[in-house]
Amino acid sequence: MRINIENFRNDLLNWYDEYARVLPWRSEPLPYYVWVSEIMLQQTRVEAVKPYFARFIKRLPTLKDLAEVDDDELRKLWEGLGYYNRVRNMKKCAIECMDKYNGFLPSAYEELIELPGIGSYTAGAIASIAYKEVVPAVDGNVLRVFSRLLASYDDIGKESTKKKFHTIIQEYVSKDRPDAFNQAVMEIGAMVCVPNSAPRCNICPIVSYCQAYETGKEHVLPIKEKKLKRRIEKRTIVVMVHDGKVVLRKRPQTGLLADLYEFINLEGYHTKKQLKELFNDSYTIKSIEKLPTSKHIFSHVEWHMHGYLIEVENVNDELLASITDVDERYAIPTAFKAYKDMLKHYIK
DNA sequence: AACCCGGGGTC
DNA sequence: GACCCAGGGTT
């Protein structure tokens with residue numbers, strides 16, 4: 001069966017006009033708002049993004065504000081969202097736009113995709129939603145929906161499949177309403193043709209075009225290769241306290257959780273005795289006590305943590321943070337949350 | 001093409 | 001425990 005694309009578009013857009021969710025970044029699709037929301041939404045659910053988006057736009061209302069904001073403050077605005085490279089690239093992108101594009105995001109897909117942090121999906125989303133360019137925006141939702149719609153057995157995890165779908169979907173995008181079309185397909189993916197559970201074909205406005213449904217394969221598709229297993233890392237977290245404050249260290253500029261702040265921590269598990277010997281050279285230890293264990297799961301690694309509270313009489317030119325600083329000033333990854341929460345119990 | 005990069009919802 | 005989310009960058 002060959003899909004009548006015009007009828008398909010109409011049915012999809014009519015459904016979208018009636019059932020689309022009301023989202024903060026949809027009410028006024030300024031390029032800056034669309035961009036910020038799309039970066040936040042990369043690998044992140046809508047509900048998680050909402051409060052971050054509101055706070056971010058309030059603090060940094062324009063692209064120029066973002067280009068000029070202090071890096072630590074910017075990371076604090078992103079604290080807890082994850083994939084912190086996104087916000088680093090956003091600032092780089094903002095500075096480049098101030099420099100090359102007179103303080104605006106460019107409108108063309110081909111220019112957008114050259115900017116830091118903007119790949120094929122995000123370029124398509126900004127170009128179509130903010131500037132009405134007729135171009136696809138192929139994300140995980142779109143891959144799932146079209147995989148079923150066309151009964152495709154291509155592995156949607158492969159880059160080649162994404163390119164193939166991008167080319168195919170170019171023919172589908174509405175010339176009049178590319179913005180609504182792209183968002184409608186994603187909306188179907190989020191609300192109807194859902195991940196992680198059975199597709200709701202009974203309420204799907206485009207089920208009559210769906211080749212997977214027609215052949216009873218909607219539960220088999222899409223095809224996606226399984227991911228590799230996580231490795232486990234043992235770490236020891238040292239909450240070092242002095243004078244009602246805690247020692248923080250800044251992580252390296254690259255790699256996992258780059259440039260964020262953290263408690264002192266060591267590879268592997270250590271005994272109280274080993275820690276005493278380790279820190280005795282640099283500190284005068286007043287007390288040392290064991291804290292509960294904690295576990296944090298990243299996408300590719302798991303931290304299994306042992307914790308100690310060490311109270312010292314001196315520090316050596318290190319960053320000491322009060323509870324207020326920890327809460328309001330320094331971006332600390334969620335991995336340390338268990339120990340961060342305990343802080344209020346030990347210092348005030 | 002394979003790997004790195006967070007955190008959380010949902011089954 | 002496994003999947004996967006409005007992905008992109010690096011090697």
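Treat the numbers as computed from the prediction; the structure is a model and nothing was measured. Throughout, protein chains are lettered first and strands after them, A, B, ... in sequence-line order, and every chain is numbered starting at 1.
- For K337(A), the side-chain hydrogen bond (donor to acceptor under 3.5 Å, both in side chains) partners at least two apart in sequence or on another chain are D341(A).
- Look at E318(A) and K245(A) and you find no salt bridge, because none of the NZ, NE, NH1 or NH2 atoms lies under 4.0 Å from a carboxylate O.
- For dA6(C), the base has no donor-acceptor partner in the side chain of R86(A) [N/O atoms by modelled type, under 3.5 angstrom].
- Chain A approaches DNA chain B within less than 4.0 angstrom (heavy atoms of the protein), and the contacting nucleotides run 5' to 3' from dC3(B) to dC11(B).
- Base engagement by Y83(A) is indicated by at least one non-hydrogen atom pair under 4.0 Å involving a base atom.
- Judged as a side-chain hydrogen bond (donor to acceptor under 3.5 Å, both in side chains), the pairs with a partner in residues 141-150 of chain A (not counting sequence neighbours) are, in order, D139(A)-N141(A), N141(A)-R144(A).
- Contacts of S299(A) with the nucleic acid, taken as non-hydrogen atoms under 4.0 Å apart, include base atoms.
- As rounded to the nearest Å, dC11(B) and dA6(C) have P atoms that lie 14 Å from one another.
- By the 4.0 Å N-to-carboxylate-O rule, D259(A) lies too far from R251(A) to be salt-bridged with it.
- Spacing of C1' atoms, dC4(C) relative to dG6(B), comes out at 13 Å, to the nearest Å.
- A salt bridge between D17(A) and R177(A) is present, with a side-chain N of the basic residue lying under 4.0 Å from a carboxylate O of the acidic one.
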With a 3.5 Å cut-off and sequence neighbours excluded, list the donor-acceptor pairs that the side chains of residues 57-66 of chain A form with protein atoms.
residue: R59(A); atom: NE; partner: E73(A); partner atom: OE2; Å: 2.5
residue: R59(A); atom: NH2; partner: E73(A); partner atom: OE1; Å: 3.1
residue: R59(A); atom: NH2; partner: E73(A); partner atom: OE2; Å: 3.3
residue: T62(A); atom: OG1; partner: K64(A); partner atom: N; Å: 3.4
residue: T62(A); atom: OG1; partner: D65(A); partner atom: N; Å: 3.2
residue: T62(A); atom: OG1; partner: D65(A); partner atom: OD2; Å: 2.9
residue: K64(A); atom: NZ; partner: E68(A); partner atom: OE2; Å: 3.1
residue: D65(A); atom: OD2; partner: T62(A); partner atom: N; Å: 3.0

Return all side-chain donor-acceptor pairs below 3.5 angstrom for residues 158-173 of chain A, not counting sequence neighbours, or 'none' if the list is empty.
residue: T161(A); atom: OG1; partner: D155(A); partner atom: O; Å: 2.7
residue: K164(A); atom: NZ; partner: D154(A); partner atom: OD2; Å: 2.7
residue: T167(A); atom: OG1; partner: K163(A); partner atom: O; Å: 3.1

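- For the pair F53(A) CZ and dA6(C) P, the computed distance is 16 Å after rounding to whole Å.
- Side-chain N or O atoms of N182(A) include none that pairs as donor or acceptor with a backbone N or O of P136(A) at under 3.5 Å.
- For the side-chain contact (heavy atoms from CB on, under 4.5 Å) criterion with L112(A), the lone passing option out of P106(A), P31(A), S120(A) is P106(A).
- Residue order along DNA chain B, read from the 5' end via each residue's closest nucleotide, puts R231(A) first among I297(A) and R231(A).
- Taking the six-membered ring wherever Trp is involved, the centroid distance between the rings of W25(A) and Y32(A) does not fall below 6.0 Å.
- In this structure, L143(A) places its CG atom 12 Å from P of dA6(C), rounding to the nearest Å.
- Checking dA6(C), dC3(C), dG7(C) against the side-chain heavy atoms of N196(A) singles out dC3(C) as nearest.
- Among pairs with a residue in residues 235-244 of chain A, those fulfilling side-chain hydrogen bond (donor to acceptor under 3.5 Å, both in side chains) read R235(A)-N265(A), at least two apart in sequence or across chains.
- Listed by residue number, the members of residues 147-168 of chain A with any heavy atom below 4.0 angstrom from DNA chain C form an empty set.
- If you check the side chains of S107(A) and E133(A), you find no donor sitting under 3.5 Å from an acceptor.
- At whole-Å resolution of the value, CZ in R144(A) and P in dA6(C) are 7 Å apart.
- Protein atom CG of L81(A) is 13 Å distant from nucleotide atom P of dG7(C), rounded to whole Å.
- Ring planes of F298(A) and H300(A): tilted class, angle from 30 to 60°.
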Check nucleotides 9-11 of chain C against the protein and report each pair of N or O atoms closer than 3.5 Å, with its distance, or say if there are none.
residue: dG9(C); atom: OP1; partner: G117(A); partner atom: N; Å: 2.6

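- Of the residues in residues 36-50 of chain A, those lying under 4.0 Å from DNA chain C by heavy-atom distance are L41(A), Q42(A), Q43(A), R45(A), V46(A).
- Within residues 247-260 of chain A, no residue approaches DNA chain C, by heavy-atom distance under 4.0 Å.
- No side-chain donor from either of D179(A) and Y131(A) sits under 3.5 Å from a side-chain acceptor of the other.
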N/O donor to acceptor pairs below 3.5 angstrom from side-chain atoms of residues 319-329 of chain A, sequence neighbours left out:
residue: S322(A); atom: OG; partner: T324(A); partner atom: N; Å: 3.4
residue: S322(A); atom: OG; partner: D325(A); partner atom: N; Å: 3.2

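- Atom P of nucleotide dC4(C) and atom NE2 of H300(A) are separated by 19 Å, given to the nearest angstrom.
- If you check residues 184-195 of chain A against DNA chain C, the residues with a heavy atom closer than 4.0 Å are M186(A), P195(A), listed by number.
- The CD1 atom of I129(A) sits 13 Å away from the P atom of dA6(C) (whole-angstrom rounding).
- The residues E79(A) and K340(A) are annotated as salt-bridged, a charged nitrogen and a carboxylate oxygen being separated by less than 4.0 angstrom.
- In this structure, the side chain of R21(A) does not engage the main chain of E187(A) through any donor-acceptor pair within 3.5 Å.
- Taking 4.0 Å as the cut-off between side-chain N and carboxylate O, E302(A) and R230(A) count as a salt-bridged pair.
- Using modelled atom types, one finds no donor on one side chain facing an acceptor on the other under 3.5 Å when comparing N4(A) with Y209(A).
- Checking Y84(A) against S197(A), the closest nucleotide of DNA chain B that is more toward the 5' end is the one next to Y84(A).
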